[in-house]
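Structure record follows, encoded as structure tokens.
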Amino acid sequence: MRTRPLKVALLGCGVVGSEVARIMTTHADDLTARIGAPVELAGVAVRRPSKVREGIDPALITTDATALLKRGDIDVVIEVIGGIEPARTLITTAFENGASVVSANKALLAQDGAALHAAAEQHGLDLYYEAAVAGAIPLVRPMRESLAGDKINRVIGIVNGTTNFILDKMDSTGAGYQEALDEATALGYAEADPTADVEGYDAAAKAAILAGIAFHTRVRLDDVYREGMTEVSSADFASAKRMGCTIKLLAILERAADGASVTARVHPAMIPLTHPLASVREAYNAVFVEAEAAGRLMFYGPGAGGSPTASAVLGDLVAVCRNKLAEATGPGESAYTQLPVSAMGEVVTRYHISLDVADKPGVLAQVATTFAEHGVSIDTVRQQGRPDGVGNEASLVVVTHRAPDAALSGTVEALRKLDTVRGVASIMRVEGE
Ligand code: NDP
Ligand code: HSE
């Protein structure tokens, strides 16, 4: 057992960082035993130095993160500031000064993961980020290491706790979007500005990270097709229920059937109530990984929150410290397949389309012809008078067989031009069958 401690700089001491510091203190003996050397919190960089931080020696607090990294004795840096800058520059500075890095920063990794991995490799150091995807759930390491001998073909999951909470409330209590969002905010799940969550940016960043790992290729945030969930209505939930489905914001990553490309997307989708993801409630996350030899694996647990996320950070800290002592590094970026990311138009799935149409002879035939002209095969059609009693109008709900997204977009564009189609009330993909 080495007695000289490994020195850790903590950048950020908010929701996640404060829990990391607490666990480092309360579990110090266990961490020492598991690592083979003591770990010492050598400094904590924050923005507001005067804020009271329970359990943290005020002498460790600094607003000069760069000076902390440059003092020359830091072994590991934990970055839990978030955002692009100054996090990116600080992580680079950490590598330049000989420190390995543990980060929870999905936004930065989805944007600049390749450059950060290259910097880590150049300096012979580690970059670990289990906490960046799905909070406490071990997912990055199992995919990067445990499944390194297998071939992952598909990943489908719920990777944003805030939106799952909102959709679950809308489904189970009939609450509207705003009411459910207000409850998520009051419970501390949603941020003061929930845009990144509800517009799908947070899930898209996680999807980019997971796709890169799953398919051993580079996938950036911009490569991920993204739709938020702000347009999901109680009418959509009613339609979903009639089909034996619920609605979830899903991240879906797929290898093409010919193996020559991949797709990555985040959008709301109907999934059957019998699918295991349908029963993921509240702010929980769950991810299905389908691998050639392993079959279907499901990872489930708390995807957000200070303590769960800190658990993932601490797991990385132990791994990185062990590597330091062994004068080794863990796995770096694996992007050797260089598979291109296909456009959303090439994704093949099923669709649920709700149309407001004129209630007169020949309309159904006209609509069916439009689908046929674009090569989209209809599975079921249901027509009913408008619930709001609008005269001479009906609601037409069409569920398709699997079709390319581009073909569906073409169909919808053509439908909108029909005199008899008064409006396209909603379009939702149907997944998980
Ligand atoms: P918070 O906003 O709660 O904390 C951010 C911390 O960074 C604060 O302590 C803040 O200081 C500090 N900080 C901000 N700017 C600077 C700066 N320029 N220099 C030094 N310190 C700075 O964020 P979270 O803890 O929620 O999130 C941290 C990271 O973890 C993010 O990347 C996030 O995406 C990720 N994450 C968060 C999860 C969660 O549930 N919260 C779950 C999974 C990942 P001060 O305290 O003085 O304001
Ligand atoms: N805002 C994120 C969520 C935090 O709700 O899932 C965890 O990454």
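Whatever order the structure lists ligands and atoms in, that order sets their numbers, starting from 1. Quick note: numbers below take in every heavy atom, side chains included, and nothing from hydrogens, waters or symmetry partners.
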Strictly below 4.0 Å, N to O, side chains only: are E413 and R416 in salt-bridge contact? no
Mind checking whether [X] has a heavy atom under 4.0 Å from ligand 1?
X	answer
G305	yes
A65	no
R53	yes

From CG (L210) to NZ (K106), nearest 0.5 Å: 12.0 Å
Report the distance from atom CZ of R141 to atom CD1 of I213, rounding to the nearest 0.5 Å. 11.0 Å
Does [Y] offer a backbone N or O that forms a donor-acceptor pair with the side chain of [X] under 3.5 Å?
X	Y	value
N97	T93	yes
R218	A114	no
E431	M270	no
T337	F215	yes

Are any of the N/O atoms in [X] less than 3.5 Å from those in ligand 1?
X	result
V15	yes
A304	no
C13	yes

Heavy-atom nearest option to [atom], drawn from [options]:
atom	options	result
atom 42 (C) of ligand 1	T66, T63, V80, T309	T309
atom 35 (C) of ligand 1	A104, G306, A310	A104
atom 15 (N) of ligand 1	L68, V16, I81	I81

For ligand 1, the portion of E85 having any non-hydrogen atom under 4.0 Å away: neither
S103 and ligand 1 - part of the residue with a heavy-atom distance under 4.0 Å: neither
Got more than 12 heavy atoms from elsewhere within 6.0 Å of CD, E199? yes
Taking NZ in K70 as the centre, count heavy atoms belonging to other residues, nucleotides or ligands within less than 6.0 Å. Is the count above 12? no
For [X], the ligand 1 atoms whose distance to one of its heavy atoms is below 4.0 Å:
X	answer
A131	43 (C), 44 (C)
P86	18 (N)
K106	34 (O), 36 (N), 43 (C), 44 (C)
G12	6 (C), 7 (O), 9 (O), 12 (C)

Nearest to [atom], what protein heavy atom do you find, and at what distance?
atom	answer
atom 32 (O) of ligand 1	G82 CA, 3.1 Å
atom 10 (C) of ligand 1	R47 NH2, 4.1 Å
atom 47 (O) of ligand 1	R48 N, 2.6 Å
atom 4 (O) of ligand 1	G14 CA, 3.4 Å

Is the closest side-chain donor-acceptor distance between Y129 and R144 under 3.5 Å? yes
Restricting to side-chain hydrogen bond (donor to acceptor under 3.5 Å, both in side chains), what partner residues turn up for R296, sequence neighbours left out? none
Can you check salt bridge (Lys or Arg N to Asp or Glu O under 4.0 Å) on E254 and R265, steps first, answer last? CA-CA 9 Å; E254 288 169 314; R265 53 193 165 115; 3.0 Å; yes
With H123 via ring pair (Phe, Tyr, Trp, His ring centres under 6.0 Å) - residues at least two apart: none
Y201 six-ring centre to R226 NZ/CZ under 6.0 Å and within 45° of normal: yes
Side chain to side chain contact (heavy atoms under 4.5 Å, CB included) test vs S100 passes for just one of D75, I74, D126, V77, namely D126
Any non-hydrogen protein atom below 4.0 Å of atom 2 (O) of ligand 1? no
Quick one, list the residues around ligand 2 where some non-hydrogen atom comes in under 4.0 Å, by chain and residue number. K106, N160, G161, T162, D197, D202, K206, G303, A304
Please list all pairs passing the side chain to side chain donor-acceptor pair (under 3.5 Å) test where one or both residues lie in residues 25-35, with sequence neighbours left out. none
